[in-house]
**Student:** 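Below is the structure I would like to discuss, written out as structure tokens.
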Amino acid sequence: MASLSFTQIRGKNPVAEFSRTRPELGLTRPYRVGFRVFASESETKAEPDLSVTVNGLHMPNPFVIGSGPPGTNYTVMKRAFDEGWGAVIAKTVSLDAAKVKNVTPRYARLRADANGSPKGQIIGWENIELISDRPLEIMLKEFKQLKQEYPDRILIASIMEEYNKAGWEELIDRVEQTGVDAFEINFSCPHGMPERKMGAAVGQDCALLEEVCGWINAKATIPVWAKMTPNVTDITQPARVALSSGCEGVAAINTIMSVMGINLTTLRPEPCVEGYSTPGGYSSKAVHPIALAKVMNIAKMMKSEFGDKDYSLSGIGGVESGGDAAEFILLGANTVQVCTGVMMHGYGMVKKLCSELQDFMKLHNFSSIEDFRGVSLEYFTTHTDLVRRQQEAIQQRKAVRKGLQSDKEWTGDGFVKETESMVSN
């Protein structure tokens, strides 16, 4: 008698795997595994598969908590895993958190209604928040605890350090020992501590970026993603440097340098701290089109120069719906990060994101993320090529002769319309 055995597949339910492969056993009726009864596959159509494997890391869905307040401590990261997020990227850590001093208020919102009506829809969000102000030792302890409690879930550490090789190496070594699955390198924070050559100060200088990436990739033994700043002329240049220097993936975009606005009553800028402010990072729905363009440019570069099978791209910017995520994936993203969206809608929004993305996939008969990843890239070209294509289309339309070509084509039912088709005025 044949025997059946289940092999544990990381991130997958072996019972579900068995149900998918059941037809090979020749069974034609519902069957039992433990106390659960499964219907024949012919009776119910399988839901689209949202799982992704990125740089060897398996995630149940492509939705990732972006580095920031939603990943600031054990409690909130645990909540993200419990709600079903595909992965969590913790808030950026460095060796010396004592140098990090946040202020409050540190956020400002842009609403769609005129004059900033408090009832208007939030379309923009600015922050002047710095990286984690919690001691590294505490964050490391929490990383380790999370990996012990969720061994099959993906935890990514966002790290940033001063321009110091030994400092980067120490930070990488200490964080890796907690068991995290990958690094995201913050080369992109647009505000705070640029004098220490941190964040965007590195991401905006390709020579500096190449050197620091070299230090990081010579030390790290787990996948490394480089998080790109949009505050550059051509984002493909730093992305190319990061991948050429050993990074397995690129994440884009971080926030856009901005001034949210001026209070027309007090004449002071927002967010206002003791009457003063400083430029900060702009996010939320309003940046989505800008992020799509940056991701598209990176994806085209990656595909033409690196191939897209061994490298990954994580799309970030204004994701609040499954459709927003689908756009990033259609442009080549493997995963989609959400940060500001969680701050406005809560961790439970991942269920809505997954449901809406599956609805999109059903509409187009896509069964997996890979079925449509990058599908829309080929439809981007140059303006010169658009002109050529339109001229050719016009000529082809003009070349189509109108009216009947022969007396034998006349019909009784369509006689009047056929006559009209050959009238010139």
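Because the structure is predicted, anything quoted here is derived from the model rather than measured.
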**Student:** Please name all residues satisfying ring pair (Phe, Tyr, Trp, His ring centres under 6.0 Å) with Tyr107, sequence neighbours left out, ordered by chain then number.
**Tutor:** Trp125
**Student:** Look at Lys300 together with Glu305 and state whether they make a salt bridge at an N to O cut-off of under 4.0 Å.
**Tutor:** no
**Student:** Got a salt bridge between Arg109 and Glu270, using NZ or NE/NH1/NH2 to carboxylate O under 4.0 Å?
**Tutor:** no
**Student:** For a quick test of reading the model, state the closest non-hydrogen atom pair linking Tyr276 to Pro269 and the distance between them.
**Tutor:** C-CG, 4.5 Å
**Student:** If only side-chain N and O atoms count, and only distance matters, is there a donor-acceptor pair under 3.5 Å linking Glu184 with Gln337?
**Tutor:** yes
**Student:** Ion pair present between Glu169 and Lys219, side-chain N to carboxylate O less than 4.0 angstrom?
**Tutor:** no
**Student:** Checking Ser312 against Asn55: is there a side-chain donor and acceptor pair closer than 3.5 Å?
**Tutor:** yes
**Student:** Side-chain polar contacts of residues 374-381 - donor-acceptor pairs under 3.5 angstrom, sequence neighbours left out - could you list them?
**Tutor:**
{"from": "Thr381", "atom 1": "OG1", "to": "Asp385", "atom 2": "OD2", "distance (Å)": "2.8"}

**Student:** Could you list all the ring pair (Phe, Tyr, Trp, His ring centres under 6.0 Å) pairs where at least one residue sits in residues 283-302, not counting sequence neighbours?
**Tutor:** His288-Phe328
**Student:** Under 4.0 Å between a side-chain nitrogen and a carboxylate oxygen: does that hold for Lys144 and Glu149?
**Tutor:** no
**Student:** Do the rings of Phe187 and Trp168 sit parallel, tilted or perpendicular, given the 30° and 60° boundaries?
**Tutor:** tilted
**Student:** Out of curiosity, Phe360 CZ to Phe366 CZ, how far, rounded to the nearest 0.5 Å?
**Tutor:** 5.0 Å
